[in-house]
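For reference, the structure is listed below as structure tokens.
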Amino acid sequence: MEHKLRIYNTLTRTKQLFVPMNEPHVGMYVCGPTVYGDGHLGHARPAITFDVLFRYLTSLGYKVRYVRNITDVGHLEHDADDGEDKIAKKARLEEKEPMEVAQYYTNRYHKAMEALNVLPPSIEPHASGHIIEQIEFVKKILDAGYAYESQGSVYFDVKKYNKDHHYGKLSGRNIEDLLETTRDLDGQDEKRCALDFALWKCAQPEHIMRWPSPWSDGFPGWHMECSAMGTKYLGEEFDIHGGGMDLIFPHHECEIAQSTAALGKETVHYWMHNNMITINGKKMGKSLGNFITLDEFFTGSHKLLAQAYSPMTIRFFILQAHYRSTVDFSNEALQASEKGLERLSDAYARLMKITPAATTTVDVAGLREKCEEAMNDDLNTPIVISYFFDIAKAINTVSDGNGTISAADLEELKSLFQLYLIDILGLRLTASGDSNNDAFKGAVDLLLEIRKQAKANKDWATSDKIRNELAALGFNVKDTKDGFEWSI
RNA sequence: GGUCCUUUGGCCGAGUGGUUAGGUACCGGUCUGCAAAACCGUUUACAGCAGUUCGAAUCUGCUAGGGACCUCCA
């Protein structure tokens, strides 16, 4: 595969040329959502970031197996000292079966992802469906001597592991510092060391979600699922593991420790982490209670939202920043993205209608290479987008009759829009007058033809009535030199 | 307290030691019956201080502000 894709590896803190283990195959694992609540803007970031990576790798010719899990079990509730997990807690509150709650939010997550044009992963494993694999994984760590059983639970022996390996290599910590700053948490008395984390947790009597194991009826520790499912579907070593930056410690650090302990080698070659979305400069998240769900964005039903924002506006907004930068939410920023996307959409629609000429005033040379260069530079989507704003200006100039474009250049621009904006960035560009219903389209065109006629007769009353009534129905009518454009 | 990151024009955001990022907003103009769109033009920048350099927004140090992780988190 000929390419110069360089991606930032959190492990080495440098941009590295991407070299997969088994070309043309690429294995990629990304931490998915815990399905105990509606997805919020923060969930959209990794989904979109790694969707773009998935799409880009595919466009380069790789056969990508993309695994993104559903966490429907096992994350301990911090304030629940009885070891009750998040799904179980929510289930009891709503008096529903835990799996019913998980399914409900999984469905809603899928719906939101589809709206954002996030492609489904190749495999979407559920933690609850891989309890056996997780138990086997724990056994391997026990056999290797890096874990111990205590009162029905199994803990990872961090101190022992750290003698042979470096616990903290991903997050840039060392065990001494960690020991000083670790707080007192649940189950400390069962552990040999405060840093030890649970691989298997014995369930309290009232705990509903539980599975039998050699040690107790209980549930897997919270880092276990990704290690078990990642290696099950992608092998003991694979190329890329992604997730949000807030997962670096402890989640991904523990995953490295688990794999290294159980398999004797490191599983992941490239660790990639997207940055956070902030709101008023603070991380948007569950713990701070300052998040806005995706549905609320789509409908505008949140007090902080001045209006509804379409899924594509959200996607575009996220792609206008580099994935390793924080991006700050504000109505002003969203509105700017909305307008910008509309500009690109309109330009694309005009591009499809342009008649080529013998000469060309548009410079398309090198554009493809520049876009590729930007993507190869650790997925610099904002730069790719900026090129398309330049292209949009050129298209508008030609469309206005102040320039010309040759057939070959026209085809090149169409091809670039298709490849970069539609296929790779995954933007749905709604072309003006675009509709999947010909009868409907014809009716609107007919109305606007009548308006055109009225204008020609200087019948402004009829002309404005048609425009205003259509506007009230959600149509956006734009006059052009010798006709009209419309969109919804 | 420890580790790390960040500070760019009204807003959002790229970026490289020497060249206009881009979007959006504002203002002026062209076009238009009007409006929208489009096009043209103008105005706002690199937190502060010091240093390295022929030259720094870009490198170094200090100061100040903001943030992330250290606890479930995308």
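Numbered from 1 within each chain, the chains take letters A, B, ... in sequence-line order.
Nucleic acid contact class of A:Ala333 (heavy atoms, under 4.0 Å, all strands): sugar-phosphate only. Within the 4.0 angstrom heavy-atom criterion, only backbone atoms of the sugar-phosphate kind lie near A:Val327; the bases stay farther away. Counting non-hydrogen atoms under 4.0 angstrom, A:Ile385 reaches nothing in the nucleic acid. Using a 4.0 Å heavy-atom criterion, one finds that A:Asp464 contacts the bases of the nucleic acid, with or without backbone contacts as well.
Between A:Arg343 and B:A38 there is a side-chain N or O to OP1 or OP2 distance below 4.0 Å. For the pair A:Lys282 and B:G66, the criterion of a side-chain N or O lying under 4.0 Å from OP1 or OP2 is not met. Within the structure, every side-chain polar atom (N or O) of A:Arg324 is placed at least 4.0 Å from both OP1 and OP2 of B:G13. Look at A:Lys283 and you'll find a side-chain N or O under 4.0 angstrom from OP1 or OP2 of B:C69. Residue A:Lys339 has a polar side-chain atom (N or O) positioned under 4.0 Å from OP1 or OP2 of B:A25. Contact check, A:Thr480 against B:A38: no side-chain N or O comes under 4.0 Å of OP1 or OP2. In this model, the phosphate group of B:A14 is approached by a side-chain N or O of A:Ser325 to a distance below 4.0 Å at OP1 or OP2. OP1 or OP2 of B:C39 sits under 4.0 Å from a side-chain N or O of A:Asn396. Between A:Asn275 and B:C5, a side-chain N or O to OP1/OP2 separation shorter than 4.0 Å is absent.
The base of B:C4 lies outside donor-acceptor range of the side chain of A:Arg13, with no N or O pair under 3.5 Å. Donor-acceptor pairing under 3.5 Å, judged by distance alone, is present between the side chain of A:Asp479 and the base of B:A35. In the interface, the side chain of A:Arg467 is paired with the base of B:A35 through a donor and an acceptor atom under 3.5 Å apart.
Judged by a 6.0 Å distance limit and a 45° cone about the ring axis, A:Lys455 is not positioned over the six-membered ring of A:Phe484. A cation-pi arrangement, defined by a distance under 6.0 Å to the six-membered ring centre and an angle within 45 degrees of its axis, is present between A:Arg324 and A:Tyr8. Judged by a 6.0 Å distance limit and a 45° cone about the ring axis, A:Arg68 is not positioned over the six-membered ring of A:Phe50.
Map A:Arg451 and A:Gly42 each onto its nearest nucleotide of RNA chain B; the residue landing nearer the 5' end is A:Arg451. Nearest-nucleotide mapping onto RNA chain B: of A:Arg350 and A:Ser171, the residue sitting toward the 5' end is A:Ser171.
Spacing of P atoms, B:U8 relative to B:U3, comes out at 25 Å, to the nearest Å. Comparing the P positions of B:G17 and B:G51 gives an interatomic distance of 23 Å, to the nearest angstrom. Taking the C1' atom of each, B:U7 and B:G13 are spaced 13 Å apart, rounded to whole Å. The separation of B:U20 from B:U30, taken at their C1' atoms, amounts to 23 Å, rounded to a whole angstrom. Between the P atoms of B:U63 and B:C72, the separation comes to 33 Å (whole Å).
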(request) Could you check A:Tyr309 against A:Asn331 for side chain to side chain donor-acceptor pair (under 3.5 Å), going step by step and ending with a plain yes or no? (result) CA-CA 9 Å; A:Tyr309 298 98; A:Asn331 280 291; 2.6 Å; yes
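Look at A:Phe389 and the base of B:G23; the rings do not stack under the cut-offs of 5.5 Å between centres and 30° between planes.
Atom CD1 of A:Ile422 is separated from atom CD1 of A:Ile424 by 11.5 Å, given to the nearest 0.5 angstrom. Atom-to-atom distance recorded for A:Glu485:CD and A:Leu448:CG is 11.0 Å, nearest 0.5 angstrom. Note that CG of A:Leu116 is 10.5 Å distant from OG1 of A:Thr313, once rounded to the nearest 0.5 Å.
Consecutive Watson-Crick or G-U pairs involving RNA chain B, each under 3.5 Å on both distances, make up stems of three or more pairs at B:1-7 with B:64-70, B:10-12 with B:22-24, B:27-30 with B:38-41, B:47-51 with B:59-63.
In this structure, the nucleotide among B:C73, B:C69, B:C12 sitting nearest to the side chain of A:Leu247 is B:C73.
Ion pairing of A:Asp295 with A:Lys111 is absent here, as no side-chain N (NZ or NE/NH1/NH2) approaches a carboxylate O to less than 4.0 Å.
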Side-chain polar contacts of residues 382-396 of chain A - donor-acceptor pairs under 3.5 angstrom, sequence neighbours left out - could you list them?
| residue | atom | partner | partner atom | Å |
| --- | --- | --- | --- | --- |
| A:Ser386 | OG | A:Ile383 | O | 2.8 |
| A:Asn396 | OD1 | A:Arg350 | NH1 | 2.7 |
| A:Asn396 | ND2 | A:Ala392 | O | 3.3 |

